[in-house]
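Below is one structure, written out as structure tokens, with a few remarks after it.
Every heavy atom of this structure was used, including side-chain atoms; hydrogens, water molecules and symmetry mates were not. One-based numbering, in listed order, for ligands and for the atoms of each.
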Amino acid sequence: MKKLKVTIAGAGSGYTPGIVFSMLNHEDFDIAELRLYDIDKERNSDMYIILKYLFEQKNIPVTLIQTEDPKKAFTGIDFVFSQIRVGGIEMREKDEKIPLKYGLVGQETCGLGGFSYGLRSMKGFLELVGYIQKYAPDAWILNYTNPESIISESVRRKFPYAKIINACDMTIGIEEIITNSFGYKRENWIQTYYGLNHFGWYKSIYDITEGKDILPEIIQKIRNEGFDVSSEEESWAKTYNNLAKMIEIFPDSIPNNYLEYYLYPNWYVNNANKDYTRANQIMDGRLKKIKETVQLITSGKAKGDIGYEGTDHGKYIVDIAVSIIHNKNDRFMLIVPNMGSIPNLRSDAVVEVPCYVNAQGVEPISLRFNIPDFHKGLMEAQVAAEKLLVDAFFENSYQKALKAFTLNQSVPNGEVAKKILDEFIEINGDYWVELK
Ligand code: G6P
Ligand code: MN
């Protein structure tokens, strides 16, 4: 089996060690060379220092390269794992805080924060895909960069033949909180889930050991006992408790937790600290830890284990790569053009559905049932809003951006949509294309 060369794009991210150790821990992922690519040299260097230390500690025989040059980053590569965040955590903070000022949900991928990020992210991500097409057109791009429905739609339009797989680990997170709370095993499950990214529902969970759909039983347990969130970070604990609340009002399916921003926006806004959002928590948590670790290493004070290891988030994307390399046909929830997977939804929507992954890439399943009007209606409005945003990007259209903002499910009217759009235009500056 060929030894792999892999590039992490956006390597300065705090998620990088988790992905790297998930690769190294996977016995079927044989990596010879790891390249760290980021446009932020300082953050890239920080991650290089951390990984170099860990590789030496653990005697890991993988060549480690740091580069800010796309040609060096991608030439001759087999896989690119992308987790770039255009504008960094500083701009995430703005995405979260600006809508909150107007009493609307301010969030990284949902609501208008997600749209602000979407317009930034398309610009940076398409540039990245352009480099990969130029220097490594045969490489697989495994993408975690958000907001994924928007990214995916924009890549489909500009690079229809790019070898890209868009994956989100959130369904894994939901399944883990269920298994950890109630003692199930995910390996025994065949899940049926449908939606858009961060906007979907479990329709059934077939347990092969029991030979039946256990979704009704899981819903009952969630309603009776709630989730066990004791080992979750505070903000994720809140998120999962809200998931349980959504099930209380709509008890026929398990929703993606991100729907809280559309179904419980007032709760979210009333409980948010407008001066200290998730971005601030990450600055004071993950990002501070990186700086402190680098300081320990460079001053010679680091010893042994420094608290980085493989993660579920990392394992998910590595499992996808392994399924390609070994033609395993494993099943994952992935973000793909609908093309009939959800029969009663427009075929040019970008949806998240179960897919098989093999040496050829992704083979989405067809659900073979029509989704209910409640979900369909919510999704259709969201798809239209996302399409308008992507149109706005390619056509430099202010009108389309305004319509996208107005149609976003977290926005009550065009008046407030316009105010927030105008403020985001100012704040994003050259991170956005010009809107005329
Ligand atoms: C989940 C989602 C990702 C999102 C992340 C945010 O993993 O699937 O799309 O980026 O959560 O986590 P954070 O810790 O950065 O708030
Ligand atoms: Mn996600």
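- Taking a 4.0 Å cut-off on heavy atoms, R286 registers as neighbouring ligand 1.
- For the residue pair E175/Y202, the side-chain donor-acceptor check at 3.5 Å is satisfied.
- Taking a cut-off of 2.8 Å, the protein N, O or S atoms nearer than that to the Mn ion (ligand 2) are C168 SG, H198 NE2.
- Ligand 1 is approached by R92 to a heavy-atom distance shorter than 4.0 Å.
- In the displayed structure, K52 atom NZ is contacted under 6.0 Å by at most 12 heavy atoms of other residues, nucleotides or ligands.
- Using a 4.0 Å cut-off between heavy atoms, Y258 contacts ligand 1 through its side chain alone, with no backbone atom that close.
- A cation-pi arrangement is not found for K419 relative to Y102, the charged atom failing to lie both closer than 6.0 Å to the ring centre and inside a 45° cone about the ring normal.
- Near Y15, meaning under 4.0 Å from any of its heavy atoms, are these atoms of ligand 1: 5 (C), 6 (C), 12 (O), 13 (P), 14 (O), 15 (O).
- For atom 7 (O) of ligand 1, the closest non-hydrogen atom on the protein side is D169 OD1, 2.8 Å.
- Counting heavy atoms of neighbouring residues, nucleotides and ligands inside a 6.0 Å radius, atom NZ of K41 does not exceed 12 of them.
- Residue Y144 places every heavy atom at 4.0 Å or more from ligand 1.
- Each of the following atoms of ligand 1 lies closer than 4.0 Å to a heavy atom of C168: 8 (O).
- Not a single heavy atom of E148 sits less than 4.0 Å from an atom of ligand 1.
- A donor-acceptor contact closer than 3.5 angstrom is absent between the side chains of Q107 and S410.
- Not one N or O of H313 is nearer than 3.5 Å to an N or O of ligand 1, by distance alone.
- Salt-bridge check for K101 with E423: passed, with a basic side-chain N closer than 4.0 Å to an acidic carboxylate O.
- Relative to the ring axis of Y308, K289 places its NZ or CZ within 45° and under 6.0 Å from the centre.
- Within the 4.0 Å heavy-atom criterion, the part of R278 lying near ligand 1 is the side chain and not the backbone.
- At the shortest separation from atom 3 (C) of ligand 1 among protein heavy atoms lies N146 ND2, 3.7 Å.
- Remark: K58 is not positioned above the aromatic ring of Y53, lacking an NZ or CZ atom under 6.0 angstrom from the ring centre and at most 45 degrees off the axis.
- Atom numbering of ligand 1 starts at 1 in the shown order; those under 4.0 Å from a heavy atom of E108 are 4 (C), 6 (C), 10 (O).
- With F369 as the aromatic partner, K203 meets the cation-pi criteria of under 6.0 angstrom to the ring centre and within 45 degrees of the ring axis.
- With F424 as the aromatic partner, R120 does not meet the cation-pi criteria of under 6.0 angstrom to the ring centre and within 45 degrees of the ring axis.
- Around the CG atom of D430, the shell of radius 6.0 Å holds no more than 12 heavy atoms that belong to other residues, nucleotides or ligands.
- Judged by distance alone, the side chains of Y261 and N242 never bring a donor and an acceptor atom under 3.5 Å apart.
- At a heavy-atom cutoff of 4.0 Å, ligand 1 is contacted by no atom of T109, backbone or side chain.
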